[in-house]
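Contents: one structure, followed by commentary.
Since we're looking at a predicted model, the values are computed, not measured. Here is how names work: the chains are called A, B, and so on, in the same order as the sequence lines, proteins then strands, and each is numbered from 1.
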Amino acid sequence: MSKKVIIKNIDVIYTMNEEGVRVNASIVIENGKIKKISSRIEDEGDNIEVIDGSGLIALPGLIDPCTHIGVYPLEWEYGEHGVEKSDPVTPHLAVIDGLDLFDKAFDDAVRGGITTISVHPGSYMSFGPVLEHMTIVPGQVAVLKTNRKILFENHGIVFALGEHVKRYLKEQKLSPTTRMGMVATIRALFNNAIDYKKRKASEEKVPSDPKLEAIVKLLEDKLVAYIHAHTSRDIRTLIGLLNEYGVKRKILVHGTEAYMVPDLLKKYNIPVILGPIIFSKRGIELRNLDSNIPLLLYNNGILFSLTTDHPTIPIQYLSLMASVAVGEGLPKEEALKAITINAARIIGLNANLGSLEPGKDADIVLFDGDPLDPRSKVVYTIIDGEIVYSR
Amino acid sequence: MKALVGGKVITVTGPVIDNGVVLIDKGKIVALAKLGEIKIPEEAEIIDIKGKVVTPGFIDAHSHLGVIPEGLDWEYSDVNDYYSPITAHLRVIDAIDPFDEGFSKAIEGGVTTVYTGPGSANVIGGIGAIIKTYGKNLNEMIVKPEAALKMALGPKKQREVKSKLPYPTSRMGTVAMLRHWLLKAKEYSEGKYKEDQLDPEEKEILKILVKVLKREMLTKIHLSTSPDEIYAVIRVIKEFELKATIDHVFGGQLVADVLAKENIPVVYGPPMIAKIASFFRYVDDTAPVIMYRKGVNVSIMTDHPVIPQKHLRTLAAVTVKNGLTLNEALELITINPARQLGIDDIVGSIEKGKDADLVVSNDHPIKPTSTIELVMVNGEIVYENTRR
């Protein structure tokens, strides 16, 4: 029998689609999906779970498309769990193979209303260069709901350029040591992958190469390219390189200086997973980091979402990042989009996530006040129609 | 003379005045009243802040502003000197760059006064300064050039540079070294040392420690991560009767009763950091809230550049997310740090006679969605938001 849930008499529903804000309405959920949003009084049958939404404000479950949850578990041993030290080019590594699903950060996430996260390989941004670890191609991104349901084991491959990578390779006594060398390394990888694909098509017995298999998938548009970069020069270089090989889907991550290259990002339709917007400006590549960057991207018409880069900023403070962006002048509606529908759009999951409308997953967070007011509390977090947190 | 007219005045120490007037002359607040209940002198420049909120300028009791530069690599930092684990005679005032970008950003975030100090690599790190975040030169900014002596618990690391004394490597070793030097200073002040028994640098260090023992100088004791260190700090404070604050206080939620009973002020934070390793297991953002509720004098720090200086109010919002009211959280970045630093006679609240360090916002400034529109330091408008 199908499971039905009604969240009734919700004061305000931010649908995050063209419908905008609905007041005094109910959300009807069936089999984990939103069936309808209704202003009528809905039947409450015997087998229907009823949640009282009066006094509450509903938002789509929040989405953070760049975290390290489960890879750097809370209260765990200190270390470099997100990077493979033996090799700076590892497109075949998947974070999902080293992800602790019992990391306490999952609990913090649902308490903070976050229902979907991406987990990236590489390092979080830590205070002090000694703790910063990053390689050129650290591996593949996974996408999960915070009820631990895996949406994508392999969503995309991370490419990184910049100070962190240079410093880390130097520390590990690895090469290349310059940006030029790193680009040449990535180019060699792509060239080898093209060659490998050709040989597999024409020769009978070609031994498998997991690294090149991963790049072939990227070239065939089965994976997304995640560009981890802060400075405008690194952003420009990696976009150029990926364009050279016809990589279709590209997402910029961190993107501290993305606001300096808006035309480039618009021309190639590259969205930005921005942030964290509150972080130490240690190092030259972060010298332009400021919490007003969301406003600058918005003013330039660039699609962006906000990230905590957990544990850089703890996951539960994702909505606080949106609040801070509003304080800097970003319209509230846009700040809410940046942690819901725009995040879903960027990672290509907007058919199921990011807004409250019939047919989409019933991932809903209910606050007892304005979601961007620090006094407001999350009262319910619902994923696929199930309450995963209640206050 | 200036008059801020028509705003909601959150004085912090007194009642909130709706539709108030704040009169400012020669850098000081000279009068404060409800509109209509005070005569605004004709010569006063009227600043209409109807519909706005005015609060005191924010104060950070633990920062490294101007000592660790913004946007530069670690090599440019002057916060820790590995010359010796005991460097009481190093002064931050000799290393502050008043033109660092962090200062203008601080002003943008409403932060008008900071204690900026040396780091925690040494057992006794040196002397920190209290400065305003605005001034035409460093001298103009200084409130107290030698404000507090920084001490730091936790195991220390022997660095690659050659140090004068070996660094203690255990937590108990650090406490023992601290106690040894405080005792030595006590005995030095009692004349137990012959002058020729001590080298000039040692004497310099002991003279500073004597000031601390005489409670002429505040001590700021850095805690690395855990509540057992809070107990160790309390033992040292009581043993030597120090005038001290405990800084960071991770795990403070577990010993809030003790801190309240001993009446020791704490500078918590920075909030909003993750439990990134097992030694951070006691980090919990409810700590400042629980300590506040138990009656501890709590302020919160950015530990700039760990969290950028301008986001002090964002961190205050984190305490609201964890249970404080907006006005309680405001105390954590105004009057409480002012009292901890011994500067509550001049800053920390909107009161007659205090410095006119004021922040005007379009809503309560502890709401991160609010925008700071005007900042005043010593009665001078030093920032106006021109973005909108």
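- Between A:Q316 atom CD and B:N322 atom CG the span is 8.0 Å, to the nearest 0.5 Å.
- Taking A:N288, A:L74, A:D373 one by one and counting their heavy-atom pairs under 4.5 Å with chain B, the maximum is reached by A:L74.
- If you tally non-hydrogen atom pairs under 4.5 Å between each of B:P368, B:G323, B:A274, B:P69 and chain A, the highest count goes to B:P368.
- By the neighbour-count criterion of 12 heavy atoms within 6.0 Å, atom NZ of A:K170 is sparsely surrounded, having that number or fewer from other residues, nucleotides or ligands.
- Heavy-atom minimum distance, B:V320 versus A:R375: CG1-CG, 3.5 Å.
- Contact of B:Y76 with chain A is not made at all, since no heavy-atom distance falls under 4.5 Å.
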field: Worked verdict on B:H311 versus A:S291 for side-chain contact (heavy atoms from CB on, under 4.5 Å)
entry: CA-CA 9 Å; B:H311 284 297; A:S291 44; 3.0 Å; yes
field: Verdict with supporting geometry, B:T314 and A:Y317, side-chain contact (heavy atoms from CB on, under 4.5 Å)
entry: CA-CA 11 Å; B:T314 309; A:Y317 296 122; over 6 Å; no
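- In this structure, the portion of B:I307 lying under 4.5 Å from any heavy atom of chain A is its side chain and not its backbone.
- Pairing each heavy atom of B:A317 with each of A:P374, the nearest pair is O-CB, 3.7 Å.
- Residues A:Y78 and B:A277 come closest through the heavy atom pair CD1-CB, 3.4 Å.
- Taking the charged nitrogens against the carboxylate oxygens, A:K281 and B:E101 do have a contact shorter than 4.0 Å, which makes a salt bridge.
- Panel note: side chain B:S278, backbone A:E77; no donor-acceptor pair is recorded below 3.5 Å.
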field: Criterion side-chain contact (heavy atoms from CB on, under 4.5 Å) on A:S280 and B:V306, from CA distance to verdict
entry: CA-CA 5 Å; A:S280 168; B:V306 176; 5.8 Å; no
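- Interface residue A:K377: only side-chain heavy atoms are found under 4.5 Å from chain B.
- If you measure heavy-atom distances from B:I366 to chain A, the contacts under 4.5 Å come from the backbone alone.
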- prompt: Taking it one step at a time, do B:M272 and A:I278 satisfy side-chain contact (heavy atoms from CB on, under 4.5 Å)?
  reply: CA-CA 10 Å; B:M272 202 167 68; A:I278 298 182; 4.1 Å; yes
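- The local environment of OH in A:Y298 is sparse, with at most 12 non-hydrogen atoms from other residues, nucleotides or ligands closer than 6.0 Å.
- Under the 4.0 Å criterion applied to side-chain N and carboxylate O atoms, A:E75 and B:R281 are not assigned as salt-bridge partners.
- If you take CG on A:L289 and CD on B:E70, they are separated by 9.0 Å, rounding to the nearest 0.5 Å.
- Heavy-atom pairs under 4.5 Å with chain B peak, among A:T308, A:D290, A:I313, A:I315, at A:D290.
- If you tally non-hydrogen atom pairs under 4.5 Å between each of A:L372, A:L330, A:T312, A:V324 and chain B, the highest count goes to A:V324.
- Only the side chain of A:E163 comes within contact range of chain B, judged by heavy atoms closer than 4.5 Å.
- Residue A:T256: no heavy atom, backbone or side chain, is found under 4.5 Å from chain B.
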